[in-house]
Amino acid sequence: MFCSITFFSIEMKKLTFAIFLVISLVLNALAQEPLSYFLPEDVTYNNNIPTPDEYFNQQFGEWHLTHNQVLNYIKEIARISGRAVIREYARSHENRPLVHLIFTSEQNQNKLDELKELHVNYSRPGETISSENVPLVVNLGYGVHGNESSATNSSVLTAYYLAAAQSEKIDRLLENTIILVDPCLNPDGFVRHSTWANMHQSITDVTSPDSRQFCEVWPGGRTNHYWFDLNRDWLLLVHPESRGRVAVFHEWKPNIVTDHHEMGANSTFFFQPGVPSRNNPLTPEENYRLTYEIAKYHAEFLDEIGSPYYMEEQFDDYYFGKGSSYPDVNSSVGILFEQAGFRGRIRETSNGVKTLAFGIKNQFTVSLSTLEAALNMKDELLQFQKNFYCEALELADNDDVKAYIFGDENNRQTTLKFVNLLKQHQIQVYQNEQEFTSGGKTFKPGFSFVVPKKQPQYRLIKSMFEINTEFADSTFYDVSTWTFPYAFNLPFAPVTSLRNVQISENPAEPEIPEGKVFGGQSSLGYLFRWNEYAAPEALFHLQNQGLMTKVATDEFAFIVEGKEEEFTYGAILVPAAGQEMDEEEIFGLVTSAAQQTGIDFYGLETGLATKGIHVGSGSFVSLEKPEVLMLVGGSVGSRDAGEIWHLFDQRYKIPITLADSDNLNNISLNRYNTLILPPGPYREINNAAMEKIKRWTEEGGTLIAIKSAATWAMRNDLGKAQFKKSIEPDTTLQLNYADRRMEYSMNAIAGAIFKTEMDMTHPLCYGYLQKELPVFKSGNAVAESLKTKYAEPVKFSNEPFLSGFVSEKNLDRLKNAPVVSVQPVGRGKVITYHESMAFRGTWLGTNKLFMNSVFFGKIIR
Ligand SMILES: [Zn+2]
């Protein structure tokens with residue numbers, strides 16, 4: 001009896017297990033897909049290559065792959081497959097490797113460098129290489145936005161397919177093509193999102209869009225470490241991810257570049273071409289035709305798997321800083337893909353319940369259609385690239401402007417940073433060797449550079465220097481202009497004949513020089529000017545070592561090494577007297593600051609000025625070392641906050657404490673003298689926290705409120721701010737219902753550049769030696785003047801237009817409107833910036849206008 005019970009229970013257990021197995025298989029089949037769901041069946045697969053299912057020990061699309069998993073798999077493919085090699089091209093800010101796999105036939109792998117050279121040389125103007133053995137190069141790029149998970153997850157399938165698939169067609173593809181697979185363009189953001197998605201995943205199917213899985217916490221995974229959108233950075237090259245990527249681009253000159261994204265969960269699938277009326281006129285028409293021809297392949301492949309799609313209705317490649325548009329101005333064809341993004345394993349959408357696996361399948365399918373198009377259109381694509389560069393030289397011949405000249409002897413560091421950027425884009429820059437004057441600007445030899453337009457990068461040069469005044473469409477997916485000399489605040493001018501300038505024989509290879517200490521060790525002190533870019537870094541470096549520093553609020557001159565050196569408002573004095581260290585130590589610190597930052601120092605030989613104030617003057621005002629707190633999280637805009645974080649941390653090496661805006665109650669503000677509020681509505685700040693900020697400001701703190709944060713400050717009696725009324729809809733304008741969006745875009749400022757005028761004697765304007773400063777504006781809010789004396793040292797000028805799309809009505813609103821306002825609150829200050837001062841980490845020209853409030857906010861009377 002006992003035995004039979006045992007026997008019975010064992011049988012029951014077996015049966016229960018069998019039922020459980022069947023049920024779980026059925027359940028799993030609902031949510032997960034076997035590899036055959038994704039892979040085409042017209043090829044066989046090499047068993048030596050581990051399938052993603054085998055390698056990860058899970059069904060593909062079940063859990064979000066982590067960055068390490070992707071990286072390990074990619075490395076394994078490179079180790080096993082003779083078709084692939086792996087290259088690391090950069091490290092992210094968080095030190096994650098950015099890699100790509102290079103696929104081609106085993107035979108081609110043996111002469112990869114030779115083929116690369118052949119490919120690049122083929123399209124060089126003047127080369128007469130036969131196209132017969134020239135390989136086509138395709139770059140497949142996945143997931144520049146870290147939370148668009150189907151992109152990077154699908155790259156693993158692409159890698160598997162290219163390593164394992166066997167057929168006559170695959171052989172032809174690999175013989176004729178070199179394929180760069182870039183699995184993860186933004187590892188730091190991808191890690192944030194994959195962690196988030198996995199940590200909120202249930203084993204049962206939770207499909208409600210309300211799930212926390214689909215709503216990442218601030219700042220989400222879209223952006224990189226400093227919360228920048230890397231899909232704007234291809235032209236700006238602020239971040240190591242983009243710098244590495246663009247170097248690879250120019251190394252290989254791919255014929256097609258794909259850029260795999262996700263959009264809203266309730267959409268379907270988009271591929272380019274985008275909206276035709278929003279094409280950038282600098283992109284050749286032939287590019288759009290080729291994009292359309294390639295699109296037919298995507299359509300055919302997606303039809304095959306029954307997946308709906310659209311094109312031409314949305315998105316554009318107007319701004320060249322995106323992954324799908326930078327290639328367009330560089331002889332390649334960039335293609336944007338946008339898959340509906342589900343952000344989790346499974347989710348309800350207006351198109352039914354959708355899975356990560358479905359998104360992956362679509363992304364993988366258009367990777368295959370791109371490769372098929374590449375193979376079939378090889379000759380056309382190679383010819384297009386060759387023509388692109390030949391045409392560039394012809395266009396330059398027909399252009400009235402033959403070159404651009406730029407540079408500023410008082411802004412050497414920024415000038416050299418711009419030269420460096422141009423060089424990274426393969427633009428040849430030459431030293432200007434003779435004084436040149438144009439439009440009231442003088443360009444001195446040694447401090448200015450010339451970019452002749454007749455070179456293969458003609459189109460990109462034009463795009464980086466040109467002033468945009470005419471537009472076919474008033475809608476922009478991104479900014480409407482990006483004139484770089486304005487962003488860097490560098491004087492520049494067109495040159496109509498190269499005979500008018502004398503340039504160096506070879507392209508310039510300048511490096512930012514080390515700073516010097518003129519006059520050597522001093523028993524009186526040291527001076528340095530505030531105009532160069534790194535001056536704030538130098539000042540903080542010295543303050544941080546414990547040195548007392550002062551700023552000049554007047555002009556003066558001293559003889560140093562027998563030469564009269566003139567100094568203006570904002571010059572910094574490091575006195576030798578009154579410090580807690582001896583002369584030698586001070587000299588050592590000043591010398592190291594000069595070497596590290598490139599700033600020149602002047603050792604005083606006497607306290608007696610030849611002009612203006614002397615060393616003991618009360619017009620040298622003592623400075624406090626900035627102790628900066630910035631609110632982040634909550635309702636704060638992460639983009640603006642990230643730009644400021646990057647400005648302090650990367651550009652100036654100044655520590656900035658980031659604290660959650662809803663945690664103010666637990667923070668003592670007493671250790672900070674500067675509090676930065678990036679734009680945001682600040683709903684999370686309760687009364688107690690608000691009172692705390694108020695008390696702290698009244699007791700002498702400098703509160704810096706940016707854009708919409710000024711409205712919050714004003715509502716809480718922290719200064720005044722008023723904004724001009726937005727433009728009323730035009731009642732005389734009769735538009736069709738279908739065109740209703742146009743009405744909005746006509747009066748929107750998507751991103752344009754305007755002229756401002758500064759009071760250069762005001763502490764907020766120290767370091768600027770020209771009255772006019774270009775400012776980037778995006779968004780429609782325009783501040784009203786406070787009509788208070790000395791409160792608005794920077795205003796839009798009376799004729800403010802410089803470049804980009806703006807309606808006449810908006811231009812009128814901008815005239816004389818303040819850009820920055822300063823108001824006293826008790827013993828402290830509220831400083832409000834109505835425009836971004838560090839836009840995309842690229843607007844170096846306005847960076848100092850912001851840093852001045854950090855260093856000099858307290859001394860404003
Ligand atoms: Zn995206």
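We use all heavy atoms of the structure for the numbers below, so side chains are in, but hydrogens, waters and symmetry mates are not. In each ligand, atom 1 is the first atom listed, and ligand 1 is the first ligand listed.
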Out of the N/O/S atoms in His145, what is the name of the one closest to the Zn ion (ligand 1)?
-> ND1

Would you name the N/O/S atom of His261 that lies closest to the Zn ion (ligand 1)?
-> ND1

With no hydrogens and no angle check, do the side chains of Ser150 and Gln339 hold a donor and an acceptor under 3.5 Å apart?
-> no

Distance-only polar pair, side chains of His239 and Asn224, donor-acceptor under 3.5 Å | yes

Between the Zn ion (ligand 1) and Glu148, is there an N, O or S atom separated by less than 2.8 Å?
-> yes

Using a strict cut-off of less than 4.0 Å between a Lys/Arg side-chain nitrogen and an Asp/Glu carboxylate oxygen, indicate whether Glu148 and Arg222 qualify as a salt bridge.
-> yes

What orientation do Tyr73 and Phe56 show, parallel under 30°, tilted 30 to 60°, or perpendicular over 60°?
-> tilted

